[in-house]
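Structure, as structure tokens:
Heads up: numbering here begins at 1 and tracks the sequence. Counting convention: from 1, in listed order, for ligands and their atoms alike.
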Amino acid sequence: MEIKDLKNEEVKAWLKGWIDLCTPDEVVICDGSQEQYDKVANGLVKAGVFIKLNDDKKPNSYAARSDVKDVARVESRTFICSEKQEDAGPTNNWMAPSEMRRILCNAESGLYKGCMKGRTMYVIPFSMGPVSSPISKYGIELTDSGYVVCNMMIMTRVSLAVLEAIDKGREFVKCVHSVGSPLEPGQADTCWPCNPDNRYITHFPETREILSFGSGYGGNALLGKKCFALRIATVQARDEGWLAEHMLILKLTSPEGEVKYVAAAFPSACGKTNLAMMEPTLPGWKVETIGDDIAWMKFDAEGQLRAINPEAGFFGVAPGTSMKSNPNAMRTCNMGNAVFTNVALTEDGDVYWEGMDDVPDTCVDWLRRPWKKDSGVKAAHPNSRFTVPARQCPVIAAEWEDPQGVPISAFLFGGRRASVVPLVNEALSWEHGVFLGSTTASEKTAAADGKVGELRFDPFAMLPFCGYNMGDYFAHWLKIGTKKGAKLPRIYYVNWFRKAPDGHWLWPGFGDNSRVLKWIFDRCDGKAEARETPIGNLPTVQAIDFSGLDMSEEDKELLLSVDAEGWKAVVPEIKKHYEKFGSKLPAELVKQLEALEKRLNA
Ligand code: OXD
Ligand code: MN
């Protein structure tokens with residue numbers, strides 16, 4: 001398809017406006033074909049952006065190394081440009097849409113003016129979710145980055161069918177991305193063009209638009225992921241009565257062959273991908289993957305909440321991924337068709353990152369320097385990534401692309417908590433579950449600002465991803481619970497990271513988390529035992545299958561105990577956290593906090 005074949009006046013005018021402003025040398029419409037992927041990738045190899053890996057190690061795969069200043073999402077440069085500031089709320093940066101458009105789009109002085117000079121503008125029509133799913137949504141991303149094209153082709157469904165549907169009037173999210181680095185005639189390009197001093201990752205919730213400038217990395221540039229599937233989609237979900245969440249989706253099969261689907265929200269880098277692809281240590285249990293990062297969920301006509309994974313690939317954090325922590329992610333990478341960003345390269349044309357099973361004696365680090373084992377220097381950037389197609393994951397569930405989605409039985413929330421929070425806790429009600437989600441937190445580590453041990457709240461693991469006022473988002477969750485005839489999932493709070501007072505980990509985690517999933521599975525069937533405590537329903541020690549684990553009785557008790565004094569100390573922190581939301585904080589959550597305090601003091 002070519003631009004001249006487009007029929008829809010809105011699409012034509014939108015595209016023309018951006019071509020006129022950005023003045024690319026060329027415009028290419030992406031069709032999602034392997035042929036086109038190979039062509040763009042080969043162009044990137046020629047330009048030095050991609051390095052082709054050894055086909056015997058990683059077939060049809062490439063490595064890219066970014067600018068040192070462009071290595072992660074930049075939350076400080078991420079804006080919600082709603083008409084009213086209060087609609088962005090206290091957890092987002094806000095700028096008035098007219099002001100942001102002046103900075104970015106002004107025909108004389110906007111940053112986008114002439115920004116694609118010397119480059120190609122790619123038009124990427126994509127679907128978030130299976131093209132035919134009633135839960136899916138469409139978008140078009142304009143970008144001047146071939147790296148973004150290849151990654152979007154792995155992470156989303158790029159198809160001309162999407163463009164044809166949009167051309168016929170189907171709603172779409174308008175996404176524009178530029179690395180912000182125009183080329184003068186004859187000017188040599190760099191391997192990672194970007195404009196790190198002028199980065200803007202901006203969202204216009206009312207008009208369903210995303211404008212991203214200056215960065216080529218991950219969530220800043222692959223606009224289907226965090227920008228669309230979370231920030232814009234949360235607004236769509238609020239307006240249309242569904243849920244767009246930072247959640248993995250897994251399929252759990254019992255030894256008897258019964259199946260349940262679970263969706264789980266953990267803050268970034270807390271092991272969502274590992275849990276989604278876990279190999280259970282409990283005999284006979286099976287975990288399969290539907291998604292590892294984002295879930296879109298709608299009620300069907302029977303009141304059942306059904307979830308799809310809007311993405312088509314995994315954009316996983318590489319360091320720490322190994323045959324021990326996540327063998328299925330390693331196997332997915334080894335199948336190839338992958339892009340690796342900011343990892344180290346071995347002499348035999350493979351990739352290396354910290355935590356991988358075999359450490360090479362030498363390699364080239366992500367900064368292109370010779371690297372030696374035991375040198376004490378990290379070979380891969382801590383936020384280095386693999387981009388791989390989900391379909392080639394050995395444990396991808398057969399129904400992962402079911403357009404109707406999968407029925408969700410339970411939600412899990414959790415953070416990293418060395419103290420106070422038990423292994424698993426079942427909410428007493430939907431409202432109590434929303435309270436647990438709204439108080440999701442991790443303890444600060446030495447790496448972050450602030451006192452070690454102090455809580456960093458990340459409500460619903462959505463702190464950087466909610467596209468509107470988070471107080472209203474809590475209210476939306478509460479409202480979902482009042483839907484007539486809805487079969488609501490049960491809600492759990494889990495913590496794999498609790499330590500004993502002497503500092504040793506109480507829980508092995510990884511595949512042993514299947515023991516917790518088993519308890520949840522049985523609870524959903526009204527089978528497993530629990531005791532009611534002031535903080536929620538906790539498993540008795542007998543109710544968790546500890547068989548084959550080398551754990552002392554004392555540790556088991558501690559893992560499932562209620563630290564009443566610890567909880568009492570947390571209450572003022574929750575109060576302080578809630579204060580941020582002012583009058584937007586739903587009264588129900590204040591009630592939940594008061595009820596917790598009362599139960600703790602009873
Ligand atoms: C991610 C994140 O990249 O949550 O998934 O930061
Ligand atoms: Mn994520």
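Residue contact annotation: Arg385 has a non-hydrogen atom under 4.0 Å from ligand 1.
Under a 4.0 Å criterion applied to the non-hydrogen atoms of His246, ligand 1 contributes the atoms 4 (O). Under a 4.0 Å criterion applied to the non-hydrogen atoms of Lys226, ligand 1 contributes the atoms 1 (C), 2 (C), 3 (O), 4 (O), 5 (O). Counting the atoms of ligand 1 from 1 in the order shown, those under 4.0 Å from a heavy atom of Asp293 are 5 (O).
Geometrically, ligand 1 and Arg73 share a nitrogen or oxygen pair separated by less than 3.5 Å.
For the pair Asn309 (side chain) and Trp400 (backbone), a donor-acceptor distance under 3.5 Å is absent.
There is no side-chain donor-acceptor pair under 3.5 Å between Lys378 and His381. Inspection of the Asp87 and Ser82 side chains reveals no N or O donor paired with an N or O acceptor under 3.5 Å. Under the 3.5 Å distance criterion, with hydrogens and angles disregarded, a donor-acceptor pair is assigned to the side chains of Asp292 and Thr273.
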**Request:** Apply salt bridge (Lys or Arg N to Asp or Glu O under 4.0 Å) to the pair Asp357 and Lys324, showing each step before the final yes or no.
**Result:** CA-CA 8 Å; Asp357 307 80; Lys324 181 177 177 295; over 6 Å; no
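In Phe465, the part holding a heavy atom less than 4.0 Å from any atom of ligand 1 is the side chain.
Checking Phe465 against the Mn ion (ligand 2), every N/O/S atom stays at or beyond the 2.8 Å cut-off.
For the pair Pro134 and Gln404, the minimum side-chain heavy-atom distance is below 4.5 Å. The shortest distance between side-chain heavy atoms of Phe386 and Lys58 does not fall below 4.5 Å.
Protein heavy atom nearest atom 2 (C) of ligand 1, with residue, atom name and distance: Ser268 OG, 3.2 Å.
Rounded to the nearest 10 degrees, the angle OD1 (Asp293) to the Mn ion (ligand 2) to NZ (Lys226) equals 100°.
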